Amino acid sequence: MMELKLIDVKSMSMCKSVGIEGFMKFSSSFLDSNLMFGVNVAPNFCSYRGLLTKASYSSTSYDASRSVSKKDLLEDTFSYKINGTNHTSLYFRDNWLLDASDDEYGGVLVNADRLPSDRDKFTFVLRASLSHWKVKGKKGVWLKLPLEKCDLVPVAVKEGFQYHHAERGYVMMTYWIPEEPCLLPSNASHQVGVGGFVINDKDEVLVVQEKHFTPALSGLWKIPTGFIHESEEIFTGIVREVQEETGIDTEFVEVMAFRHVHDVAFQKSDLFFICLLRPLSKQIMVDNLEIQDAKWMPLVEFVEQPLIQEDDMFKKIIDIFIARLGKRYCGLSVHQLVSKFDDKLSTLYFNTVDDPNLNCQAS
């Protein structure tokens, strides 16, 4: 038995809807100092004596009523004394709350593997969890809903969650608790593309013609290009793209330049890295899914293509490429380092003019 300090103990009834601001405040070694729930509770849940075998609740959002067994929601009692009189009441188990872990920014990450499958129960525990996290001073809530539980998305939306991003197997939703500007990071703002200049010892450039292109690029022989995959390095991604499109194995040399443009795909920005590569093989094997044709093309012929001569961007890229071949320009080479900030291996691209292996000079 423990002595609890209760505020306004004249009414221990929970017959009315329990408000977000809470119905009682008390201190103990095992309960929160502020217990608050934003759920509607039926009259038979109002008693604070004995142990209830069932608790009923109503979901106003979905106009549905159902029973939830004690095994799922209520488990134990605690005893306390009011004016010398012993009382026994229920306390709330973790099963009232969504299983979640703290993140390093004062928010919570909901465990997607332990989400309730039932919409009504999810509504109930989501509201209780939001109230609990508010009391705890939490900030952002990250809720990952797998594809098989997509029917829970409307529930989260009605409770105030917003879409953050989606992948093939899930949608990520967020909720900002404090009454202040949201500080949660936005979804990824960029896509990352790569293009590879591969030139052999005959001053021939590896070029392709794609099967799918805009009319403006009809007839253009271009360098192999593509997108970087998730968790893929730039220098490994371009080697992969060249091999997939042409069958040519290459060795990455450096990033010669990169382009930054906005509002490209679904209002996202685009980073495109132009890389120099050294060929390790000669025999071309075309990828028939994406590529119409591929060949080794004399550099002069490649440069003189009308579409390149008429485009300022293409012309500048070619100027950089030729300057690099003439050793009048140095690009950004790969250096992998570990930072103490995160103890992870990172790739840093920078210019090193005194490296004899780069065979270039500062302009």
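Not measured: the values here are computed from a predicted model. In what follows, residues are counted from 1 in the order of the sequence shown.
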Angle class for the Phe350/His335 ring planes (parallel below 30°, perpendicular above 60°, tilted otherwise)?
parallel
Between Thr174 and His164, do the side chains contain an N or O donor and an N or O acceptor separated by less than 3.5 Å?
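No donor-acceptor contact under 3.5 Å links the two side chains.
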So, Gln209 and Asp293: side-chain donor and acceptor under 3.5 Å apart, yes or no?
no
Using the rule that Ile, Leu, Val, Met, Phe, Trp and Tyr join whenever any side-chain heavy atoms are under 4.5 Å apart, tell me whether [X] and [Y] fall into a single cluster.
X      : Y      : result
Leu277 : Ile317 : no
Leu143 : Tyr163 : yes
Val208 : Leu280 : no

Has the side chain of [X] got a donor or acceptor atom that lies under 3.5 Å from a matching backbone atom of [Y]?
X      : Y      : answer
Arg119 : Leu152 : no
Glu232 : His229 : yes
Asp103 : Gly106 : yes
Asn351 : Cys330 : yes

Could you list the donor-acceptor pairs under 3.5 angstrom formed between side-chain atoms of residues 214-226 and any protein atom two or more places apart in sequence or on another chain?
from: Lys222; atom 1: NZ; to: Glu210; atom 2: OE2; distance (Å): 3.2
from: Lys222; atom 1: NZ; to: Thr225; atom 2: OG1; distance (Å): 2.9

Verify the neighbour count for atom [atom1] of [X]: are there more than 12 heavy atoms of other residues, nucleotides or ligands below 6.0 Å?
X      : atom1 : answer
Gln283 : CD    : no
Gln162 : CD    : no
Phe258 : CZ    : no
Lys316 : NZ    : no

Leu348 CG to Leu332 CG distance, which is reported to the nearest 0.5 Å:
9.0 Å
Per the side-chain contact (heavy atoms from CB on, under 4.5 Å) rule, which among Val194, Thr347, Val239 passes with Ile234?
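Checked Val194, Thr347, Val239 against Ile234; only one passes side-chain contact (heavy atoms from CB on, under 4.5 Å): Val194.
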So, are [X] and [Y] salt-bridged, with charged N and O less than 4.0 Å apart?
X      : Y      : answer
Lys211 : Glu290 : no
Asp263 : Lys268 : no
Glu254 : Arg324 : yes

Would Asp270 and Arg259 satisfy salt bridge (charged side-chain N to carboxylate O under 4.0 Å, His left out), going step by step from the backbone distance to the final call?
CA-CA 8 Å; Asp270 179 89; Arg259 180 206 66 175; 2.6 Å; yes
For Phe124 and Trp96, what are the C-alpha separation, side-chain angles and deciding distance, and is it a ring-ring contact (aromatic ring centres under 6.0 Å, His included)?
CA-CA 8 Å; Phe124 184 82; Trp96 283 72; 5.1 Å; yes
Assert yes or no for the condition that the ring centre distance of Phe273 to His260 is strictly below 6.0 Å.
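So the answer is no for these two rings.
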Side-chain donor-acceptor pairs of residues 196-205 under 3.5 Å, sequence neighbours excluded:
from: Asn200; atom 1: OD1; to: Lys202; atom 2: N; distance (Å): 2.9
from: Asn200; atom 1: OD1; to: Asp203; atom 2: N; distance (Å): 3.3
from: Asn200; atom 1: OD1; to: Glu204; atom 2: N; distance (Å): 2.9
from: Asn200; atom 1: ND2; to: Glu204; atom 2: OE1; distance (Å): 2.9

